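It should be emphasised that the depicted structure is a prediction, and the values quoted were computed from it without experimental measurement.
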Amino acid sequence: MACFVVPAAEALITTAVTLVVEKKFPEKAPLQATRRLSKLLWGGSALLAFEHFWHGEIQPFYPFLTAAQDPESSQVMIHEMSTVGVGMACMVTLAWAASLIFLKVRKPSSSHATVNHSKGA
């Protein structure tokens, strides 16, 4: 129903924080990692929103979410957002964090990268 709203809210916050930090500290390196998280969250939210639109759960007029039309459906929608939406946002964030750890571990250190091959030749 509205599970995409939670990752979209996280994407909005992540994007805003990234833009503010980059504007406030332009001399620092760009925040590539947080941009990547924002893109993952925006992409997943957009895909889910399209899927909900396709199934008629989102309409192009007020109220945009069909579940917001009556109180019983609204309770179900809020429960879905607090369980499924939060779960999806957490999983995307954990996958992003795991990718950062993987990239850091995989990156060769500078001491191993500089091997002197001129000895013994």
Who passes side chain to side chain contact (heavy atoms under 4.5 Å, CB included) against Thr83, sequence neighbours left out?
->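 Thr83 satisfies side chain to side chain contact (heavy atoms under 4.5 Å, CB included) with His79 once adjacent residues are dropped.
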Can you sort out the partners of Val84 under side chain to side chain contact (heavy atoms under 4.5 Å, CB included), two or more places apart, ordered by chain and number?
->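 Partners of Val84 by the side chain to side chain contact (heavy atoms under 4.5 Å, CB included) criterion, ordered by chain and then number, come out as Cys3, Glu80, Met88.
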Using side chain to side chain donor-acceptor pair (under 3.5 Å) as the criterion, list what pairs up with [X], not counting sequence neighbours.
| X | answer |
| --- | --- |
| Thr93 | Glu10 |
| Gln59 | none |
| Ser73 | Asp70 |
| Trp42 | Thr15 |

Which heavy atom in [X] sits nearest to a heavy atom in [Y], and how many Å separate them?
| X | Y | value |
| --- | --- | --- |
| Ala8 | Ser45 | N-OG, 3.0 Å |
| Gly85 | Pro7 | O-CD, 3.9 Å |
| Val6 | Met81 | CG2-O, 3.4 Å |

By the rule that ILVMFWY residues connect when side-chain heavy atoms come within less than 4.5 angstrom, directly or transitively, which residues belong alongside [X]?
| X | answer |
| --- | --- |
| Val105 | Ile101 |
| Trp54 | Phe50 |
| Leu40 | Leu37, Leu41, Val92, Trp96, Leu100 |

Do Thr18 and Thr34 meet the criterion of a side-chain donor-acceptor pair at a distance under 3.5 Å?
->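 Distance-only check passes for Thr18 and Thr34.
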Same hydrophobic cluster for Leu31 and Leu12, using side-chain heavy-atom links shorter than 4.5 Å among ILVMFWY?
->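 Different clusters.
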Cluster overlap Val21 with Ile13, hydrophobic side-chain contacts below 4.5 Å =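 Val21 clusters together with Ile13.
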Roughly how far apart are Arg36 CZ and Lys39 NZ, rounded to 0.5 Å?
->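 Answer rounded to 0.5 Å: 9.0 Å.
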From CA spacing to verdict: side chain to side chain contact (heavy atoms under 4.5 Å, CB included), Phe4, Ile58 = CA-CA 11 Å; Phe4 66 92; Ile58 299 175; 3.4 Å; yes
